[in-house]
**Q** 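Let me begin by handing over the structure; questions about it come next.
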Amino acid sequence: MSFKALLAPVFVQVLLTFVLLFWTGRVRFAAARAGAVQVKDVSLGERTWPAPVQQVSNAFANQFELPVLFYVVVGLALATRQTDTLFIGLAWLFVLTRIVHAGIYATSNVVIRRFQAFLAGALVLLAMWFVLALKILLA
């Protein structure tokens, strides 16, 4: 399987992270400019940001949690040359769940839907690790 085929979902995941970074900056700046928060009140933490700002900020922060395991499993798959159509499909599915999770978190924030998207992504990621482990151990 091509390196490009496996790196494409990685690039989309990175793009999602940057989109959320800039979205966070935009909503924080807008909230401060509108007087919804005083800069001195948020200089040492994020608890006083309005809920919509916190939602986008949390969606951004989440990109440094579960996706870290995604980056590692993809790196290992590339290094060991253990990629195939199934693994690439799982990678795309994981990224899709992250996009859905971030979209829910940053907008409606319906907790049960957000959890469902998170759980789906976690299970897909677990499957990626399982597939890679089997391929390496049975090679």
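Along the sequence shown, residues are numbered consecutively beginning with 1. Treat the numbers as computed from the prediction; the structure is a model and nothing was measured.
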**Q** Check Ala102 against Ala59 and note the closest heavy-atom contact, atom names and distance.
**A** O-CB, 4.1 Å
**Q** Hey, could you give me the CZ/CG distance between Phe60 and Leu21, rounded to the nearest 0.5 Å?
**A** 4.5 Å
**Q** Do you see a donor-acceptor pair shorter than 3.5 Å between the side chains of Ser57 and Arg28?
**A** yes
**Q** Over all heavy atoms of both residues, which pair between Gly121 and Thr97 is shortest? Give the atoms and the distance, please.
**A** CA-OG1, 3.1 Å
**Q** In Å, rounded to the nearest 0.5 Å, how long is the span from CH2 of Trp49 to CD of Gln54?
**A** 9.5 Å
**Q** Under the side chain to side chain contact (heavy atoms under 4.5 Å, CB included) test against Leu7, which residue among Val14, Leu78, Val12 passes?
**A** Leu78
**Q** Among Val95, Leu90, Val124, whose side chain to side chain contact (heavy atoms under 4.5 Å, CB included) with Phe70 holds?
**A** Val95
**Q** Output, in order, the C-alpha distance, side-chain angles, deciding distance and verdict of side chain to side chain contact (heavy atoms under 4.5 Å, CB included) for Val37 and Val53.
**A** CA-CA 10 Å; Val37 68; Val53 175; over 6 Å; no
**Q** Do you know which two heavy atoms are closest between Val56 and Leu20, and how far apart they sit?
**A** CG1-O, 4.2 Å
**Q** How many angstroms lie between atom CE of Met128 and atom CG of Leu76, to the nearest 0.5 angstrom?
**A** 10.5 Å
**Q** What verdict does the side chain to side chain contact (heavy atoms under 4.5 Å, CB included) test give for Thr83 and Phe3, after you've listed the backbone C-alpha separation in whole Å, the side-chain angles of each residue and the deciding distance to 0.1 Å?
**A** CA-CA 9 Å; Thr83 62; Phe3 283 159; 5.8 Å; no
**Q** Could you measure the distance from the CD atom of Gln82 to the CG atom of Leu134? Nearest 0.5 Å is fine.
**A** 11.0 Å
**Q** Let me check something: do Val72 and Leu66 share a hydrophobic cluster, defined by ILVMFWY side-chain heavy atoms less than 4.5 Å apart, either directly or through other members?
**A** yes
**Q** Give a yes or no on whether Phe11 and Val73 share a hydrophobic cluster (residues Ile, Leu, Val, Met, Phe, Trp, Tyr; joining criterion: side-chain heavy atoms under 4.5 Å apart).
**A** yes
**Q** Indicate the atoms forming the closest heavy-atom contact of Ala32 with Val39, along with that distance.
**A** CB-CG2, 4.4 Å
**Q** I want to check something: taking the side chain as every heavy atom from C-beta on, are Arg98 and Pro67 in contact at a cut-off of under 4.5 Å?
**A** yes
**Q** Evaluate whether atom CZ of Phe18 has more than 12 neighbouring non-hydrogen atoms of other residues, nucleotides or ligands under 6.0 angstrom away.
**A** no
**Q** Is a donor from one side chain sitting under 3.5 angstrom from an acceptor on the other, for Gln55 and Asn58?
**A** no
**Q** When rounded to the nearest 0.5 angstrom, what is the spacing between OG1 in Thr107 and CZ in Arg114?
**A** 11.0 Å
**Q** Grouping I, L, V, M, F, W and Y whenever their side-chain heavy atoms are under 4.5 Å apart, do Leu6 and Leu15 come out in a common cluster?
**A** no
**Q** Where do Trp23 and Ala106 come nearest, in terms of heavy atoms and distance?
**A** CH2-CB, 3.5 Å
**Q** Do Trp129 and Val68 share a hydrophobic cluster, counting only Ile, Leu, Val, Met, Phe, Trp and Tyr and linking them when any side-chain heavy atoms are less than 4.5 Å apart?
**A** no
**Q** Calculate, to the nearest 0.5 Å, the distance between atoms CD1 and CD belonging to Ile99 and Gln13 respectively.
**A** 7.5 Å
**Q** If two hydrophobic side chains count as joined below 4.5 Å and joins carry through other members, does Phe130 share a cluster with Val74?
**A** no
**Q** May I ask you to decide if the ring planes of Phe118 and His101 are parallel, tilted or perpendicular, using 30° and 60° as cut-offs?
**A** tilted
